[in-house]
A.B. asks: 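Questions regarding the structure given below will be posed in turn.
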Protein chains: 2
Amino acid sequence: MSQKAAADDKKTDGKPAPQPDPARSLALLWGSHTRPGRNGLTIRAIVEKATELADAEGLAALSMRRVAEVLGVGTMTLYSYVPGKDDLTDLMADRLMGTLYSDPDEPKRCGHWRDALLLIAERNWQLHLKHPWLAELVRPRPRLGPNLVQKYDTELRPLDGIGLSDIEMDALLTNIMTQVEGAARLHHRLEREKQDSAQTDEEWWLTQAPVLDRLLDAQRFPVAARVGQSFGDETKAAAAPEMTLKFGLELLLDGVEKKLGKT
Amino acid sequence: MSQKAAADDKKTDGKPAPQPDPARSLALLWGSHTRPGRNGLTIRAIVEKATELADAEGLAALSMRRVAEVLGVGTMTLYSYVPGKDDLTDLMADRLMGTLYSDPDEPKRCGHWRDALLLIAERNWQLHLKHPWLAELVRPRPRLGPNLVQKYDTELRPLDGIGLSDIEMDALLTNIMTQVEGAARLHHRLEREKQDSAQTDEEWWLTQAPVLDRLLDAQRFPVAARVGQSFGDETKAAAAPEMTLKFGLELLLDGVEKKLGKT
DNA sequence: GGCCCTATTCGTACATTGTACGGAACAACG
DNA sequence: CGTTGTTCCGTACAATGTACGAATAGGGCC
């Protein structure tokens, strides 16, 4: 239908793309973030304050106006440092990637690849706990910034030479990251629901009761009813997503172990 | 800090919560979607048209105004059928869950649990391919609707009695869904980038070249450079996320197999 | 020191979003 | 033919990202 209808907005007067300029975004990521402007503002400062804001109030509360307000500058001033909001979130994400490990060989120093992967998963999990907005970013993974590349390298090192092909190494890491991110999303969703419906889970059962009734009394869902029961008990007791993640990781690593023939 | 500061907006004049009413949302999901209004409109029709729109133009283009326009009704008319946009997307998602299997025993009929899980993963993957917006929804998983519960039950059945506890069954399924959704996100991200930067990937390498140079010439990232190379080759060749998913699934299932002691 | 030019700052404006509000049109019932 | 309650929807509002261009400040050159 309107497959290409949205391509030419402006008359394309010379510059190729006024809005999305991937080259500029990349240059920004890899460039210097500490060169101050006229009023002493730096990209780094913007990114840090924005991160604080997102940590405290969630990604939904992260608006250019709020960031500018917190920094005590005009809203549009931010745009002389950063092309747009997407680039800001990219910067925020990439910066965090630099905080994961103390040095590029930390995971490898675990010795066994399995321990290394567990460390990697744990660090990423903790990062997601500290920064709930990380898992909410629209972009599945942020643009390729220096810290992300560093992280990639750091996490690949303990896998190098254990018997996996390059592509398998990448696939394994990707799957682990997917697991962690997925668990983080679930975790934050539950957390938010818990504090949205406020106080006791007494009330939670009241609103959910009609559905649960329909669920249980009908034998349409025999297995779901029973498992949902167990899961519900577990859920209220502790952090279910973390258990799920641990379980999935074990399975994944056992699978790797089998693929490698033996430990 | 502002933990509870945002609780009381309005004077709370009687009705508990004017905006987020989980009970109503749940009732909506489980209620009838075919009762027509004055002008013959039904919830089902709204949901279907909205789904078409999201399929064709992406989640970003899905606005209440557009949906109403397509349906030929006033914008606010939608609000007499659906409490808000979130509920609409919940309805859309839940409806799709009903299209996954022909009957509640289809996966179980595969015989072996491994084949069943592969079928389950494949179906969910195909669904994500058909509806890119599904993986973009903010809510990690939609609200508990009838079709989602049905799907849950259907997918649990082949796992029942093979030697896993209820919680393990749930965790396994959750992890598989996470894998699929993560792969879908990556897939759609690559797809979008490919058609955003338009025509040849010639140009892609031009914009990405400076970064890649910095990446390769520095020996800061020895492993990442090499693996990224392999991965880049693979990426251009075919659908990398799908391969990654297949790989991760195999590992996961091998892990399950080991846990069960033997096939 | 004085002046000009360029890069930075940012007030205003606009398009777009979800949706609250309340009047208008309509159906059913007496 | 009212009356009443439901459904429809035009208008309005607050919030968003950001384009535009006027004000402004700083730094180099005479």
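Lettering follows sequence order; numbering is per chain, from 1. Owing to the predicted nature of the structure, the values given are computational and were not obtained by experimental measurement.
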A.B. asks: Keeping A:His131 on the side-chain end and A:Gln126 on the backbone end, is there a donor-acceptor pair under 3.5 Å?
C.D. replies: no

A.B. asks: Near DNA chain D, which residues from residues 43-54 of chain B have a heavy atom under 4.0 Å away?
C.D. replies: none

A.B. asks: Can you tell me how far apart CD (B:Gln179) and OG1 (B:Thr174) are? Round to the nearest 0.5 Å.
C.D. replies: 11.5 Å

A.B. asks: So, applying salt bridge (charged side-chain N to carboxylate O under 4.0 Å, His left out) with A:Arg143, which one of A:Asp90, A:Asp86, A:Asp94 is it?
C.D. replies: A:Asp90

A.B. asks: For A:Leu78, report the nucleic acid contact type (base, sugar-phosphate, nothing); a contact means any heavy atom under 4.0 Å.
C.D. replies: nothing

A.B. asks: Looking at residues at least two apart in the chain, or sitting in another chain, which of them share a salt bridge (Lys or Arg N to Asp or Glu O under 4.0 Å) with B:Arg24?
C.D. replies: none

A.B. asks: Which of residues 34-42 of chain B have a heavy atom under 4.0 Å from DNA chain C?
C.D. replies: B:Arg38

A.B. asks: I need the minimum non-hydrogen distance between A:Tyr81 and A:Leu28, along with the two atoms involved.
C.D. replies: O-CD1, 3.7 Å

A.B. asks: Nearest 0.5 angstrom please: B:Leu91 CG to B:Ile46 CD1, how far?
C.D. replies: 9.0 Å

A.B. asks: Determine to 10° how strongly the helix from C:dG1-D:dC30 to C:dG30-D:dC1 is bent, judged from the axes of its five-pair ends.
C.D. replies: 20°

A.B. asks: Respond yes when some side-chain nitrogen or oxygen of B:Tyr79 is under 4.0 Å from OP1 or OP2 of C:dG18, and no when none is.
C.D. replies: no

A.B. asks: In whole angstrom, give the distance that lies between atom NZ of B:Lys85 and atom P of C:dT16.
C.D. replies: 15 Å

A.B. asks: Is the number of heavy atoms from other residues, nucleotides or ligands within 6.0 Å of NZ (B:Lys85) greater than 12?
C.D. replies: yes

A.B. asks: To check you understand the geometry: which heavy-atom pair defines the closest contact between A:Leu53 and A:Ala61, and what is its length?
C.D. replies: CD2-O, 3.8 Å

A.B. asks: Do any of residues 63-76 of chain B sit with a heavy atom less than 4.0 Å from DNA chain C, and if so which?
C.D. replies: B:Ser63, B:Met64, B:Arg65, B:Thr75, B:Met76

A.B. asks: Quickly work out the B:Leu59 CG to C:dT17 C1' distance and round it to whole Å.
C.D. replies: 13 Å

A.B. asks: Strictly under 3.5 Å: I want the nitrogen or oxygen pairs between protein and nucleotides 1-3 of chain D, one per line.
C.D. replies:
none

A.B. asks: Expressed as a whole number of angstroms, how long is the span from A:Arg24:CZ to D:dT18:C1'?
C.D. replies: 13 Å

A.B. asks: Could you check whether A:Glu69 pairs with A:Arg65 (Lys NZ or Arg NE/NH1/NH2 to Asp/Glu carboxylate O, under 4.0 Å)?
C.D. replies: no

A.B. asks: Applying a 4.0 Å non-hydrogen cut-off, can you work out what B:Thr77 is touching in the nucleic acid: base, sugar-phosphate, or nothing?
C.D. replies: base

A.B. asks: Does A:Ser80 make a side-chain N or O approach to OP1 or OP2 of C:dT8 shorter than 4.0 Å?
C.D. replies: no

